Number of protein chains: 2
Amino acid sequence: MKNEDEPKDKRVKAADAQKLTMAEVAKYVGVSAMTVSRAFRQDASVSEETRKRIMEAVDALGYVLDLSAGSLSSRRSGFIAALVPSINNSNFSDTARGITDALENTGLQLLLGYTDYSAEKEERLIEAMLRRRPEGIILTGGSHTDRARRMLDKAGIPVVETWEIPEEPINHVVGFSNSEAMSLLVRALANQGYRRFGYIGGTTARDTRGSQRRSGFLKTVEELGLGPGRVISFGVPPITMEQGGQAVVSLLERWPDTEVVLCVSDLSAFGAIMECKRRGMNVPVDIAIAGFGDYEISSICHPSITTINVDCYGIGQQAAVRLLDAVHGGGSMGDEITLTGYKVVLRESTNRGGT
Amino acid sequence: MKNEDEPKDKRVKAADAQKLTMAEVAKYVGVSAMTVSRAFRQDASVSEETRKRIMEAVDALGYVLDLSAGSLSSRRSGFIAALVPSINNSNFSDTARGITDALENTGLQLLLGYTDYSAEKEERLIEAMLRRRPEGIILTGGSHTDRARRMLDKAGIPVVETWEIPEEPINHVVGFSNSEAMSLLVRALANQGYRRFGYIGGTTARDTRGSQRRSGFLKTVEELGLGPGRVISFGVPPITMEQGGQAVVSLLERWPDTEVVLCVSDLSAFGAIMECKRRGMNVPVDIAIAGFGDYEISSICHPSITTINVDCYGIGQQAAVRLLDAVHGGGSMGDEITLTGYKVVLRESTNRGGT
DNA sequence: GGACAGAATGGTAGCGATAACAATCCGGAA
DNA sequence: TTCCGGATTGTTATCGCTACCATTCTGTCC
């Protein structure tokens, strides 16, 4: 059935390839373009025999489907957009991995962007993403510019906000209360007998999750009658390991009798612990230190670091699953909140008895 | 000049918005769609006055450009594809960040995928990416399946391979010799007087950079007359911090007099150091340990970790810049090799005098 | 034997933008 | 005044695919 008056070699030059179209594949096989299009989808009704012949031709010619044309026609872009504050933070890259994994074999492609913890950059990214007509979008946190909210609203696609519980959710939320999680950690440590609490975090409110953790800390220390909490703000969020080290020095200079220091993340906690050891202090005997996020480093570090374990991967995965439900359900989405778990992980760095 | 017989409210419902098209914006303003299209590009010739009116309408209506339609017509997708082994490894996420940053304000969008160190997954991802007709593609390493090579060849787009120097490069390369880098580290440590060298790496060749580092290690130890090198293979690459800890235990059980242990990455080195400390050993007095990659952790850790500093961010950035040159230069690309720097960073973990 | 259901395939008309070319307008030079 | 060139805007024809509907061809049932 092959088109014999236009013999094709198995090897086609790149120049040809660039303009190889579905119609040419169809001509080569001797069917219509429509049939070739159907052969690429599993649901369509094409006889096995025809599909096989088409796929052989696709292979021989080296044809690659053009989804940009397809999505224009079908009005389905096949994209899901996701914005995370940083791709270099393993908590968020775990979330990104959760999203990607959930999207595997769904035919959906992830468009990933990072906002650098900036609402303005988020706004620009949202616009850039919407130009690709994603079928859904996953955001981190609930702080967005007005224009961003308007654009999302008009786009009419399902939105999932993650990693925290916004005061005014857009659609669905997959996350947990950072404030309550930090509160749980404070109480757990107070239970162990700690009384004089310090806290290390960044200087601005850019990192809303960080701010929530701090306010959870302050509120709980107060509630337990142990206030006021001793807070050191150091560095633009997200604060680094090194800044954690510098901050703990400031904190101990100012309040030398501090018993336990909670940090906005494990990274700063690690930096703080290492700086203390470098200065000859014994953690946890001289000073106890805890983090947040349960990064890989915290279970390996010596001393291992007390922290809050958060289901980063699960946040991404569940957000994607919710979005898939909505996309397959016709683009509408219930405005529910999916709470993800967290738990205190007590380790050596806050062991009152010493290591 | 507004179209008065079809009054529009400033607020348009989401349902309307979804089908808002450039032609409707044009009608609203009283110009042709072509003029609206031009107004969105800075190079085009539209009078300032008209552009302003159009942009006001765009704002009022909440119109968002549809790039999927535009790219079909202009035959420029505006995508750059990049594949990294893992998004959770900070070395590669630094590279991804370098790419994204270089792409900012170029109007190009990054399509990011991770291969999980698998050539098969890479092949699937390459196909998925090519369906979006990227204008260029950045890969990690030089190991690709035959079909992947064929697809890339036929796609006729510039390809940049990164992070190593492939034996048979496809187009451009931005990277360094992992073997020579490791060799340099071995020599630096031999210079310090170390004689009995151990090595910790993964079990398979999936991670080609890891394999290259190992062979660089073995070759150099041999050349220095210090061979054979003591190699422990443990865990499927990329090996974790924890596996680094387990591996160093095996290594010291088998060769208790080992003086210095080189690890395939800083992460395993960190795990090894922490495990040693946990067992009461003093690093570097009892055993010296070095890593590869100069992750943030290595300068903060106590003891700080000797390693090879690699310009991860620069690799991504330069790869993107090369690709941009090629894209703007009409899609062709010289098959050059851009060598990126690396350097030995000697720190406490291999300090012969002790910390 | 004719009608008909169902499977497989084909034809046509867009999807929403842009390339390419045509048309219009304007002021200044001849 | 007339003509010309540059700036601005409009018209038309795709880009490569898929939705939608029409058509063909079986085999089955009464």
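Order of the sequence lines fixes the chain letters, A, B, ..., with proteins taken first and strands second; residue numbering starts at 1 for each chain. Note that the structure is predicted; figures quoted are calculated from it, not measured.
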**Student:** Can you list the residues that meet the salt bridge (charged side-chain N to carboxylate O under 4.0 Å, His left out) rule with R76(A), with sequence neighbours excluded?
**Tutor:**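 Per chain and number, R76(A) pairs via salt bridge (charged side-chain N to carboxylate O under 4.0 Å, His left out) with E135(A).
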**Student:** Could you state the CD-P distance from E24(A) to dG16(D), rounded to the nearest angstrom?
**Tutor:** 9 Å
**Student:** Rounded to the nearest angstrom, tell me the gap between atom NZ in K27(B) and atom P in dG16(C).
**Tutor:** 15 Å
**Student:** Please report, rounded to the nearest Å, how far the P atom of dG16(D) is from the CE atom of M22(A).
**Tutor:**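 That distance rounds to 12 Å.
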**Student:** Expressed in angstrom and rounded to an integer, what is the separation of L67(B) atom CG from dA17(C) atom C1'?
**Tutor:**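 Rounded to whole Å, this separation is 10 Å.
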**Student:** Specify the separation, in whole Å, of atom CG of L20(B) and atom C1' of dA17(C).
**Tutor:**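 Answer to the nearest Å: 14 Å.
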**Student:** Supply the atom-to-atom distance R97(B) CZ to Y313(B) OH, rounded to the nearest 0.5 angstrom.
**Tutor:** 6.0 Å
**Student:** Quick check on salt bridge (Lys or Arg N to Asp or Glu O under 4.0 Å): which of R133(B), R75(B), R131(B) does D66(A) satisfy it with?
**Tutor:** R133(B)
**Student:** Where do N171(B) and E161(B) come nearest, in terms of heavy atoms and distance?
**Tutor:** N-OE1, 4.3 Å
**Student:** Let me have a per-nucleotide readout for nucleotides 8-15 of chain D, 5' to 3', with B, S or -, counting only protein heavy atoms under 4.0 Å.
**Tutor:** BBBB---B
**Student:** Please identify each residue that fulfils salt bridge (charged side-chain N to carboxylate O under 4.0 Å, His left out) with R38(B), with sequence neighbours left out.
**Tutor:** none
**Student:** What's R76(B) touching, base or sugar-phosphate or nothing? Going by heavy atoms closer than 4.0 Å.
**Tutor:**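 Nothing: the residue R76(B), judged by heavy atoms under 4.0 Å, touches no strand.
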**Student:** Are R53(B) and E49(B) close enough for a salt bridge, meaning some N to O gap below 4.0 Å?
**Tutor:** yes
**Student:** To the nearest Å, give me how far apart CZ (R133(B)) and P (dA17(C)) are.
**Tutor:**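 Rounded to whole Å, this separation is 21 Å.
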**Student:** Distance check needed: dA7(C) P versus E49(A) CD, whole Å only.
**Tutor:**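 The distance from CD of E49(A) to P of dA7(C) comes to 19 Å, rounded to the nearest Å.
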**Student:** Quick one: is R53(A) getting a side-chain N or O under 4.0 Å of the dT9(C) phosphate, OP1 or OP2?
**Tutor:** no
